[in-house]
Structures are given as structure tokens and as C-alpha cells.
Amino acid sequence: MNFEIINSNIKEITSDLEIIIVLNKKLKHKFVQDKKLLKKAGFTAGQDEICHLISKNRLYVGAEGLKGAPIRSAVATAVRSLIGKKYKSVKIATYLSHPRCTASLRALVEGVVLGSYTFNRYKSNKTENRIENIFISTEGYEENYEVTIESMAKAVHNGDISATATNFTRDIVNTTPDDCYPEIMANIAEKLAKKSSLKCNILKPKALKKEKMETLLAVARASRHKPRVIHLAHKPKNPKAVITLVGKGLTYDSGGLSLKPADYMVTMKSDKSGGSAVLGIMKAVSEMNLPIEVHGFVGAVENMIGGDAYKPDDVLTAKNGKTIEVRNTDAEGRLVLADLLCYAQQEVKADYLFDFATLTGACVVGVGHYTSGVMGNADEPKDLVVKMATQAGEMATKLDFNRHLKKTIKSEIADVCNISNTRYGGAITAGQFLSEFIDEAHSEKWAHIDIAGPAFVEHAWAENPYGASGAGVRMMIRLIEKLARTIKEH
Ligand code: BES
Ligand code: ZN
Ligand code: ZN
């Protein structure tokens with residue numbers, strides 16, 4: 001898709017269709033030309049409400065305000081309604097929330113790219129987005145905004161990169177387990193590195209054994225698809241900071257011998273969402289060429305059953321020497337992450353360490369389908385994640401650790417148990433399990449982001465389609481962009 005900023009009034013631009021955002025139900029605004037028709041159609045301009053006046057070539061959509069989130073969602077919903085239609089070019093006016101602030105322009109661009117996402121791989125009849133050109137008029141919704149063309153162009157560019165990376169992640173997550181297994185995830189990473197300046201290192205079972213990643217290998221053991229650990233690195237000269245990202249990449253989670261009930265197993269192809277998010281973030285970071293050193297680690301593993309499967313009752317030794325009593329093979333993500341976090345910290349001494357995982361159903365029970373749970377030992381990285389997620393239009397909330405819940409993952413026979421002895425607070429106890437594998441130096445720099453809720457939802461919501469949303473991608477790009485702007489040179 002091409003975006004073009006045009007320095008003229010919206011009326012002077014020719015296109016197949018115009019999208020008009022109606023803010024705060026202000027149907028009297030000068031941009032609303034079809035007041036009577038809209039009234040007749042019962043259009044009230046509520047958030048994401050659309051009204052397509054086909055013969056006028058105008059598509060109206062409501063938004064609750066000029067902030068990024070409502071604009072992104074409204075534009076995405078409007079564009080999603082055009083999938084399969086034949087419009088090739090669309091024009092839209094500029095929506096800017098503050099003088100010199102291009103946040104809502106960026107949200108608008110993200111909305112277009114995110115809303116035009118389709119996943120057609122398994123369809124015989126492919127309904128694709130046909131929009132090729134988006135013309136953005138510099139004519140503003142409100143007068144007198146002094147924004148330079150350069151800053152507008154930058155907002156468009158970065159919005160495009162960040163939303164395209166989100167769609168890249170969505171594609172990986174939506175791909176079925178038989179088409180996307182650990183080796184394929186590694187291939188995707190290698191291909192990404194080849195096309196960019198990213199460095200890529202893939203660890204196969206022999207290397208994983210050498211690195212003493214026995215818990216990751218145990219989870220992988222019953223699968224015919226051998227595990228991979230992926231390490232991608234973006235290494236600019238004189239980086240302002242170093243960030244490590246770690247992602248759970250369970251290409252399928254059957255539960256293992258603690259087999260999931262049939263209804264719960266469906267959608268478990270999405271258990272690679274954390275790892276897929278890391279791949280998307282790395283893509284964007286390299287395309288934006290941010291002055292931050294970023295390392296992405298993905299643990300790509302399939303959790304299956306079989307004669308060689310790891311078992312409840314096993315005791316495993318993680319890379320850092322801690323022993324883990326396995327009482328449920330469906331709590332496999334934390335076992336994979338235990339070793340992977342140790343490996344990532346051994347390889348890179350980072351200023352921030354973030355992990356992304358569809359770790360617990362409990363997180364979905366606790367905060368619902370649309371919100372990520374943010375955990376860790378210290379407030380600073382958690383607050384930063386929540387703040388940047390909000391700015392990026394993702395919902396995230398803190399879930400605090402406490403010493404009482406920590407006791408529930410004690411084991412009688414090993415250092416720690418892979419499940420808690422209570423059925424409550426499962427997202428937090430899983431996070432506290434991970435904290436056992438964070439070393440002293442990273443203790444206050446780490447945040448764990450449980451994306452089990454938003455990563456995969458079986459209906460469209462806001463700018464997200466049915467299926468994979470690409471949760472984690474936009475929030476982390478924002479965060480890294482912010483560090484690039486605010487941190488002084490080392
Ligand atoms: N991948 C699941 C968590 C999950 C559940 C993600 C629903 C997305 C949607 C994870 O590996 C898992 O099975 N967790 C168990 C942990 C339990 C055995 C302590 C769970 O949440 O039930
Ligand atoms: Zn599981
Ligand atoms: Zn899992």
C-alpha cells in the first residue's frame with residue numbers, strides 16, 4: 001500500500017472513495033456533507049459505527065475522539081469493511097490531536113494497514129484488500145495546526161512499519177501447526193535476517209544440549225519436530241541502550257501427557273504468539289534502524305504426547321542449575337522460558353529484559369480477552385510497558401507479585417514446582433515461577449508480559465481481525481522508539 005501526503009484540500013483530490021471520520025458524534029462538522037442522508041440511515045457516529053454511502057463514494061465512521069486508539073480502531077473498522085470490494089484508492093483528511101503532534105496521523109495509518117489485513121492462505125476463494133493508494137490531505141479536521149510535511153511523513157512511515165510488522169506476526173501465528181513448526185519459525189527468522197541488517201543465530205538440539213537447556217528439550221521431546229532457539233540481533237553503532245526480548249514459541253500446545261480437553265486444544269497454534277511477536281518487533285526495529293541494540297530470542301518448541309514424552313513426576317534441571325518438579329506438562333511455556341531466559345541473560349547484559357508469552361489461561365480469566373498482564377519484580381519496567389502499550393493502542397495492566405503466592409510454587413522434592421498448589425492467581429504464580437530464572441543483574445530490569453488474552457481472539461475487535469492480533473508488537477516498538485528518543489548516549 002502506498003501512502004501519499006497531498007498538500008491540498010480534500011475536495012481537490014481524486015480517488016475512488018473518501019473515508020470521513022466523525023469525531024465525538026459531531027455530525028454538524030464541515031467534513032460531514034451528507035447530514036440528511038446519514039440521519040435517514042440512522043447513523044449516530046458511535047465508535048466504529050460505519051455508514052457507507054455507496055453512490056456518493058463516501059464511507060463515514062464514528063470515533064470517540066482524536067486520541068490514537070479511537071482513530072486507529074475507527075479507520076481499521078472502515079477499511080476492514082472494504083475488504084473484497086473494488087476500491088483501489090482512498091482519500092482521507094488529516095486528523096491531528098495537538099499542534100505539532102502527529103500521533104493520530106500515525107494511528108490513522110496504522111488503522112489502514114491493520115484493518116486491511118486478511119489471512120487467505122487456506123481459502124480457495126481469496127477475498128483480498130484491493131486498496132493500493134491512500135491519499136492523505138493536509139487539510140485538517142481542525143484549523144491552524146502547524147505540522148511540517150517532514151514530521152507528517154515520519155509519522156506515516158513509522159506507522160506503516162509498525163502495522164506491517166504486526167501483520168507479519170499475525171501471519172505467523174495464524175499459520176497452522178503443520179505448516180509452522182520450530183524449523184519453519186527458524187527459517188522465517190533467517191529469511192528476515194537475510195533481507196535486513198539483522199544478525200541471526202539458530203540453535204539446534206545438539207547446541208541446546210551443549211547449552212544445558214534440558215527443560216526446553218524435555219518439553220520438545222515427544223514431537224517429531226525438533227526444537228529451535230532463534231537469536232536475532234539488531235546492532236547499530238554506538239547504541240543508546242541494550243534491550244533483550246524473549247518469546248514463547250510453542251508452535252503447538254497439546255498439553256502433553258496432561259492433555260488438554262478437546263475444546264481447549266483448539267486455537268493452541270496461537271501458543272507461538274510471544275515468539276512471533278519478537279520476530280515482528282525485530283523486523284520493525286531493523287526497518288526503523290533505531291539506535292538501540294535489540295536482541296530477540298525465540299524458543300520454538302512443540303508440546304506433544306508420545307512414548308518419549310516428559311511426564312508429570314519428572315524432575316528437570318534448568319540451565320541455571322535449579323531443579324523443577326513437573327506436576328503438569330501443560331505448564332510447559334514456563335519450562336521453555338526458564339531455559340531461554342537463562343540463555344538470553346548469559347548471551348546479553350541488557351538494560352531491559354522483556355518476555356512475551358501466551359503463558360496462562362488464568363490471565364485471560366483475570367483480565368479478559370483484550371488485555372495483557374504485566375508482571376515483574378520492579379515497578380519501573382512494568383510501568384513503562386503499560387504506558388507504552390496504552391500509547392500504542394494496546395491494553396495492558398499490572399499484576400503484582402506477592403510473597404504469599406510465591407510460597408504456592410514450592411516443591412517438596414525439588415527447588416520449585418511448575419504449577420501452583422492453588423487454583424487462584426495462576427497468571428501471577430506463573431510469573432513468579434519465571435522470576436526464579438532471572439539473575440540478580442536483571443532482576444529490576446525485567447518485565448513479563450502475558451499476552452494469552454489478546455494474542456488470539458475468535459472475533460474481530462477494534463483494529464484486530466478474527467484470530468491473531470499481533471499483541472505485543474506495537475507496544476514494544478513504541479517503547480523502543482521512546483528509549484531511542486529519551487536516553488542520552490552512553
Ligand atoms: N498455552 C497455555 C496458556 C493459554 C491458555 C494460552 C489459553 C492461551 C489461551 C499454557 O501452556 C497452559 O496450558 N497453561 C495452563 C497452566 C496450568 C496447567 C497451571 C493453563 O493456563 O491452564
Ligand atoms: Zn500448556
Ligand atoms: Zn502453552
Side-chain angles (χ1 to χ4, degrees), residues 173-174 177 181-182 185 215-216 218-223 227 246-277 298-305 309-314 324-340 355-373 375 399 405 408-411 416-434 448-459 467-469 471-472:
V173 175
N174 283 328
Y181 41 88
M185 276 194 99
T215 60
L216 185 150
V219 175
R221 219 163 59 204
S223 171
V246 171
K248 168 177 173 181
L250 263 288
T251 58
Y252 202 67
D253 180 13
S254 69
L257 289 180
S258 315
L259 195 63
K260 283 186 184 293
D263 287 353
Y264 289 76
M265 207 184 294
V266 192
T267 72
M268 275 304 134
K269 64 172 183 182
S270 70
D271 216 19
K272 57 185 177 313
S273 294
S276 307
V298 179
V301 179
E302 190 181 52
N303 185 23
M304 296 297 281
I305 56 170
Y310 83 120
K311 300 172 268 303
D313 280 356
D314 279 345
I324 305 167
E325 178 190 359
V326 176
R327 291 181 73 93
N328 191 316
T329 62
D330 197 12
E332 84 301 333
R334 62 195 77 181
L335 298 174
V336 169
L337 286 179
D339 270 350
L340 191 61
D355 76 73
F356 301 85
T358 45
L359 204 61
T360 64
C363 195
V364 195
V365 172
V367 300
H369 247 311
Y370 313 102
T371 305
S372 296
M375 287 154 265
L399 302 174
L405 281 174
T408 70
I409 54 169
K410 278 192 171 158
S411 165
V416 65
C417 184
N418 86 324
I419 55 166
S420 155
N421 64 20
T422 158
R423 50 210 199 94
Y424 302 113
I428 294 172
T429 51
Q432 289 189 295
F433 176 92
L434 295 182
H448 155 60
I449 303 149
D450 193 333
I451 56 171
F456 196 94
V457 182
E458 289 187 278
H459 54 254
S469 68

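This structure is a prediction, so every number in the text was calculated from the model and none was measured. Start at 1 and go down the list; that is how both ligands and their atoms are numbered.
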Give the atom numbers and elements of ligand 1 that come within less than 4.0 Å of a heavy atom of [X].
{"X": "Thr360", "result": "3 (C), 21 (O)"}
{"X": "Arg334", "result": "16 (C), 19 (C)"}
{"X": "Glu332", "result": "11 (O)"}
{"X": "Met268", "result": "1 (N), 4 (C), 5 (C), 6 (C), 7 (C), 8 (C), 9 (C)"}
{"X": "Asn328", "result": "18 (C)"}
{"X": "Lys248", "result": "1 (N), 10 (C), 11 (O)"}
{"X": "Ile419", "result": "19 (C)"}
{"X": "Ala452", "result": "6 (C), 8 (C)"}

Would you say atom 13 (O) of ligand 1 touches the protein, meaning some protein heavy atom is under 4.0 Å from it?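 Answer yes: something from the protein, a heavy atom, is under 4.0 Å.
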
pair [X]-[Y]: side-chain heavy atoms closer than 4.5 Å:
{"X": "Met265", "Y": "Leu259", "result": "yes"}
{"X": "Thr408", "Y": "Tyr424", "result": "no"}
{"X": "Leu257", "Y": "Pro312", "result": "yes"}
{"X": "Thr358", "Y": "Phe456", "result": "no"}
{"X": "Asp253", "Y": "Tyr264", "result": "no"}

Looking only at N, O or S atoms, which one in Asp271 sits nearest to the Zn ion (ligand 3)?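 Answer by atom name: OD2.
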
Examine distances only and state if a side-chain atom of Ser270 and a backbone atom of Ser273 form a donor-acceptor pair shorter than 3.5 Å.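 No.
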
Determine, step by step, whether Thr329 and Asn303 satisfy the side-chain hydrogen bond (donor to acceptor under 3.5 Å, both in side chains) criterion, reporting the C-alpha distance in whole Å, the side-chain angles of both residues, the deciding distance to 0.1 Å, and the verdict. CA-CA 8 Å; Thr329 62; Asn303 185 23; 5.3 Å; no

Nearest 0.5 Å, what's the OG1-NZ distance between Thr251 and Lys272?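 NZ of Lys272 is found 7.0 Å from OG1 of Thr251.
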
What distance do Thr429 atom OG1 and Leu434 atom CG have between them, rounded to the nearest 0.5 Å?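 These two atoms lie 10.0 Å from each other.
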
Are any of the N or O atoms of [X] closer than 3.5 Å to those of ligand 1?
{"X": "Lys260", "result": "yes"}
{"X": "Gly361", "result": "yes"}
{"X": "Asp253", "result": "yes"}

Measure from the Zn ion (ligand 2) to every N/O/S atom of Glu332 and report the name of the nearest one.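 In Glu332, the N, O or S atom with the shortest distance to the Zn ion (ligand 2) is OE1.
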
OD1 (Asp330) to the Zn ion (ligand 2) to OD2 (Asp253) angle, given to the nearest 10 degrees: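 Between OD1 of Asp330 and OD2 of Asp253, the angle at the Zn ion (ligand 2) is about 100°.
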
Decide if atom CZ of Arg327 counts as having more than 12 heavy atoms of other residues, nucleotides or ligands within a radius under 6.0 Å.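 Incorrect, the count does not exceed 12.
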
For the NZ atom on Lys311, are there more than 12 heavy atoms of other groups (residues, nucleotides or ligands in this structure) within a distance under 6.0 Å?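 More than 12 within 6.0 Å, yes.
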
Tell me: protein heavy atom nearest [atom], and distance?
{"atom": "atom 10 (C) of ligand 1", "result": "Leu359 O, 3.3 Å"}
{"atom": "atom 1 (N) of ligand 1", "result": "Asp271 OD1, 2.8 Å"}
{"atom": "atom 15 (C) of ligand 1", "result": "Asp330 O, 4.0 Å"}

Strictly below 4.0 Å, N to O, side chains only: are Glu332 and Lys248 in salt-bridge contact?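 Yes, Glu332 and Lys248 are salt-bridged.
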
Lys248 backbone or side-chain N/O/S under 2.8 Å from the Zn ion (ligand 3):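 Looking at Lys248, which is the residue asked about, there is an N, O or S atom under 2.8 Å from the Zn ion (ligand 3).
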
